[in-house]
Amino acid sequence: MLRANPVKLLLVPLLLIPTLVGCGVAPPPSQESRIQSEQKPLNVASVQSVQELEQRYAELTTLNLGNISIAAELDQKNRSLLASLQNKGTLTKDEEALKGRLLVLTGNRGQQNFEELMELKPIGRWFNSNELDPAGHRAAFIILQHGDISKVLDLVPEIKAAAESGLLSKQQYALFADRVAVVRGEPQEFGSQVNCVNGEPIFPPVRDPNEINQRRREVGMSKTLEEYQQEITDLKMCK
């Protein structure tokens, strides 16, 4: 995600609680799902906002079932501040320093949250409704999406089962399945993932392009793949 790398992943926060992006290949604001960011103003990165974020992270204890939502909220705040700098273009020396601090938080705390979440997650299944409330499920999914997906490639069936039972949404399953597919070098099922290469959006291949819009409708994605990709291009999220 450093500027020196010609390939970068879109850093758009996912929506936590009907009021809260992939690491990674999370798409930019769109109806792609309500769990992803809507078109809202980004938080502005400043010395004060970054210091406040660092302080809140310092106060966060080891992840547990009671503070997952707080951890995901901080993750979203972090990515929103970072995106405000990445989308700005030319940065001052002070802004570059703030960007560096946010990147450190994104990597260190994001991975720490992910690893602690995996220690909390029951073996062989997703959390149940007795362990997490709906907001907690959304928060846990955000942390999962922003972790090292290469370490959880085998979780697709668990996420699918959680979506089928209503613990997660079908769109959340679609996002996770697509991320795993991209990491594996396989075609996406729903076309939700995008990479930024040299300032331009690159859309990884999809399986059965003639049928993908039907699959997208089945998981609640309102836009066709063509409309979604055009939206990403028009928003110039990779610049």
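Keep in mind the model is a prediction, meaning the values are calculated, not measured. Numbers here are sequence positions counted from 1.
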Extract all donor-acceptor atom pairs below 3.5 Å that involve side chains of residues 113-123 and protein atoms in other chains or at least two apart in sequence.
unit_1 : atom_1 : unit_2 : atom_2 : d
N113   : ND2    : R109   : O      : 3.3
E115   : OE2    : Q111   : NE2    : 3.2
E116   : OE1    : L63    : N      : 2.8
E116   : OE2    : Q112   : NE2    : 3.3
K121   : NZ     : R125   : O      : 2.9
K121   : NZ     : E158   : OE1    : 2.6

Do [X] and [Y] have a side chain donor and acceptor closer than 3.5 Å?
| X | Y | value |
| --- | --- | --- |
| N213 | T224 | no |
| S150 | D148 | yes |
| E52 | Q48 | yes |

Verify side chain to side chain donor-acceptor pair (under 3.5 Å) between E226 and Q230, making sure each step is shown before the conclusion.
CA-CA 6 Å; E226 296 76 18; Q230 187 61 54; over 6 Å; no
Verdict with supporting geometry, R56 and K77, side-chain contact (heavy atoms from CB on, under 4.5 Å)
CA-CA 11 Å; R56 291 191 65 191; K77 176 73 171 180; 6.0 Å; no
Verdict with reasoning, L175 to Q193, per side-chain contact (heavy atoms from CB on, under 4.5 Å):
CA-CA 8 Å; L175 293 172; Q193 306 300 291; 4.1 Å; yes
For [X] against [Y], the heavy-atom pair lying closest together:
| X | Y | result |
| --- | --- | --- |
| L167 | S129 | CD2-N, 3.9 Å |
| D178 | G191 | OD2-N, 3.0 Å |
| L105 | E54 | CD1-CG, 3.7 Å |
| A135 | S69 | O-OG, 3.8 Å |
| F127 | H137 | O-CE1, 3.2 Å |
| S84 | A45 | OG-N, 3.4 Å |

Check the pair L144, W126 against side-chain contact (heavy atoms from CB on, under 4.5 Å), reporting the backbone distance first and the verdict last.
CA-CA 11 Å; L144 173 68; W126 184 250; 4.0 Å; yes
Contact check, side chains of F190 and Y173, non-hydrogen atoms, under 4.5 Å
yes
P187 side chain reached by V206 side chain, heavy atoms, under 4.5 Å
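No, too far: nothing below the 4.5 Å cut-off.
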Can you tell me how far the [atom1] atom of [X] sits from the [atom2] atom of [Y], to the nearest 0.5 Å?
| X | Y | atom1 | atom2 | result |
| --- | --- | --- | --- | --- |
| M221 | E227 | CE | CD | 13.5 Å |
| F141 | I159 | CZ | CD1 | 6.5 Å |
| K223 | E231 | NZ | CD | 4.5 Å |
| S222 | R216 | OG | CZ | 8.5 Å |
| C196 | Q86 | SG | CD | 9.0 Å |
| I212 | E218 | CD1 | CD | 11.5 Å |

Taking side chain to side chain contact (heavy atoms under 4.5 Å, CB included) as the criterion, tell me which of T61, T62, I68 meets it with N64.
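Only one option passes, and that is T61.
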Consider side chain to side chain contact (heavy atoms under 4.5 Å, CB included). Of L102, V44, L103, which one does L85 pass it with?
L102
Side chain of [X], backbone of [Y]: donor and acceptor closer than 3.5 Å?
| X | Y | result |
| --- | --- | --- |
| Q172 | S169 | yes |
| E95 | T92 | yes |
| N67 | I70 | no |

Would L168 and F176 count as a side-chain contact (heavy atoms from CB on, under 4.5 Å) here? Give the steps.
CA-CA 11 Å; L168 295 174; F176 185 76; over 6 Å; no
Partners of E189 by salt bridge (charged side-chain N to carboxylate O under 4.0 Å, His left out), sequence neighbours excluded?
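If we apply the salt bridge (charged side-chain N to carboxylate O under 4.0 Å, His left out) test to E189, skipping adjacent residues, the hits are R207, R215.
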Connected via hydrophobic side-chain network under 4.5 Å: V104 and L53:
no
